[in-house]
Colleague: 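Handing you this structure, nothing more for now.
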Amino acid sequence: MSVRVRRVYEPPEPEDGVRVLVDRLWPRGLSKDAARVDEWPKALTPSTELRRWYHAGEGSYEEFGRRYEAELAAPEAIELLDRVRGLAAKGAVTLLTAAKSPEQSHAAVLARLLQG
């Protein structure tokens with residue numbers, strides 16, 4: 001199973017496989033053609049409240065990850081996680097985010113869950 005995380009602003013690569021945007025909002029200044037997004041499961045993104053809490057600097061990345069994983073236990077999120085797992089079982093999947101530090105973002109939490 002191959003799941004990786006990249007910034008959506010980086011040019012698509014053949015190794016990307018299925019490109020999955022995991023942000024709730026469309027990336028600013030990026031056309032849909034340039035992004036080449038195959039899937040956009042908005043229900044896999046953190047809640048607005050959790051995003052605001054984390055970006056306000058009120059907690060650690062580890063605590064954010066725990067809270068986000070708890071949100072991903074919702075039935076709709078479980079269904080979408082299973083869908084992305086199925087895609088990854090068939091080939092490469094790249095989780096795309098506009099986050100400036102993808103390795104400290106919700107996309108990294110998702111990648112860990114999908115590979116675990």
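Excluded from the calculations below are hydrogen atoms, water molecules and symmetry mates; all remaining heavy atoms, backbone and side chain alike, are included. Worth saying up front: this structure is predicted, and the values here are computed from it rather than measured. Starting from 1, each residue takes its place in the sequence as its number.
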Colleague: Using residues 28-37 as the side-chain source, report each donor-acceptor pair under 3.5 Å to any protein atom, sequence neighbours left out, with the distance given to one decimal.
Modeller:
residue: Ser31; atom: OG; partner: Ala34; partner atom: N; Å: 3.0

Colleague: Linking Ile, Leu, Val, Met, Phe, Trp and Tyr through side-chain heavy atoms less than 4.5 Å apart, which residues share a cluster with Ile78?
Modeller: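 ILVMFWY cluster around Ile78 holds nothing else.
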Colleague: Measuring from Glu58:CD to Arg52:CZ, what's the distance to the nearest 0.5 Å?
Modeller: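 Output value for this atom pair is 12.0 Å.
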Colleague: Nearest 0.5 Å, please: how far is CZ in Arg85 from NZ in Lys90?
Modeller: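 With rounding to 0.5 Å, NZ (Lys90) is 15.0 Å from CZ (Arg85).
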Colleague: With Leu95, which of Val8, Leu110, Leu44 fulfils side chain to side chain contact (heavy atoms under 4.5 Å, CB included)?
Modeller: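 When side chain to side chain contact (heavy atoms under 4.5 Å, CB included) is applied between Leu95 and each of Val8, Leu110, Leu44, only Leu110 qualifies.
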Colleague: Considering all heavy atoms of both residues, which atom of Asp23 and which atom of Ala99 are nearest to each other, and what is their separation?
Modeller: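 Looks like OD2-N, 4.4 Å.
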Colleague: Taking all atoms of both residues into account, what is the closest heavy-atom pair of Val5 and Ala111, and its distance?
Modeller: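 Closest pair (atom of Val5, atom of Ala111, distance): CG2-CB, 3.7 Å.
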Colleague: Give the minimum heavy-atom separation between Gly17 and Asp38, together with the two atoms involved.
Modeller: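 That closest heavy-atom pairing would be O-OD2, 3.8 Å.
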Colleague: If we ignore hydrogens and angles and just use 3.5 Å, is the side chain of Ser47 paired with the main-chain N or O of Leu50 as donor and acceptor?
Modeller: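 Side chain of Ser47 to backbone of Leu50: a pair is present.
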Colleague: Is any side-chain heavy atom of Arg83 closer than 4.5 Å to one of Pro41?
Modeller: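 The answer is no, as the side chains (C-beta and beyond) never meet within the 4.5 Å cut-off.
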Colleague: Could you tell me which non-hydrogen atom of Ser105 sits nearest to which non-hydrogen atom of Phe64, and how far apart they are?
Modeller: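 For Ser105 versus Phe64, the nearest heavy atoms are C-CE2, 4.2 Å.
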Colleague: I need the Tyr68 OH to Glu63 CD distance, nearest 0.5 Å.
Modeller: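 Tyr68 OH to Glu63 CD: 15.5 Å, rounded to 0.5 Å.
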Colleague: Return yes if some donor-acceptor pair links the side-chain N/O of His106 with the main-chain N/O of Val22 below 3.5 Å, else return no.
Modeller: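 It does hold such a pair.
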Colleague: Mind checking the CZ-CG spacing from Arg4 to Leu96? Nearest 0.5 Å is all I need.
Modeller: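 Between Arg4 CZ and Leu96 CG, I get 9.0 Å after rounding to 0.5 Å.
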Colleague: Taking all heavy atoms of Val109 and all of Tyr61, pick out the closest pair and write down the distance.
Modeller: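 Val109 and Tyr61 have their closest heavy atoms at CG2-OH, 3.4 Å.
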Colleague: Taking Tyr54 for its side chain and Gly59 for its backbone only, find out whether a donor-acceptor pair lies under 3.5 Å.
Modeller: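 Checked: no pair found.
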Colleague: Which value, rounded to the nearest 0.5 Å, describes the distance between Asp16 atom CG and Ser2 atom OG?
Modeller: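 Here the rounded value is 9.5 Å.
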Colleague: Check whether Arg7 reaches the backbone of Ala98 with its side chain - one donor and one acceptor, N or O, closer than 3.5 Å.
Modeller: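 Between the backbone of Ala98 and the side chain of Arg7 there is a qualifying donor-acceptor contact (under 3.5 Å).
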Colleague: Is a salt bridge present between Glu49 and Arg67, judged by a nitrogen-to-oxygen distance below 4.0 Å?
Modeller: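 Salt bridge: no.
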Colleague: Could you pull out all residues at least two apart from Glu62 that satisfy side chain to side chain contact (heavy atoms under 4.5 Å, CB included)?
Modeller: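 Glu62 satisfies side chain to side chain contact (heavy atoms under 4.5 Å, CB included) with Ser60, Arg66 only.
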Colleague: Using a 4.5 Å cut-off on heavy atoms from C-beta on, say whether the side chain of Arg112 contacts that of Glu69.
Modeller: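 When only atoms from C-beta onward are counted, Arg112 and Glu69 do touch, with a gap below 4.5 Å.
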Colleague: Could you grab the distance from atom OG1 of Thr94 to atom CD of Glu10, nearest 0.5 Å is fine?
Modeller: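 Answer rounded to 0.5 Å: 10.0 Å.
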Colleague: Can you name the nearest heavy-atom pair linking Thr45 to Glu71, along with the distance?
Modeller: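 For Thr45 versus Glu71, the nearest heavy atoms are O-OE1, 4.5 Å.
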Colleague: Going only through I, L, V, M, F, W and Y residues with side-chain contacts under 4.5 Å, is there a path from Leu21 to Val3?
Modeller: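 They do not share one cluster, since no chain of ILVMFWY contacts under 4.5 Å joins Leu21 to Val3.
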Colleague: Check whether Glu103 reaches the backbone of Ala108 with its side chain - one donor and one acceptor, N or O, closer than 3.5 Å.
Modeller: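 Checking the backbone N and O of Ala108 against the side chain of Glu103, no donor-acceptor pair under 3.5 Å is found.
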Colleague: Is Tyr9 reachable from Val20 through a run of I, L, V, M, F, W or Y residues, each pair having side-chain heavy atoms under 4.5 Å apart?
Modeller: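 In one cluster with Val20: Tyr9, no.
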Colleague: According to a 4.5 Å side-chain heavy-atom criterion applied to Ile, Leu, Val, Met, Phe, Trp and Tyr, with indirect links allowed, do Leu114 and Val18 form part of one hydrophobic cluster?
Modeller: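 Same cluster: Leu114 reaches Val18 through Ile, Leu, Val, Met, Phe, Trp or Tyr contacts under 4.5 Å.
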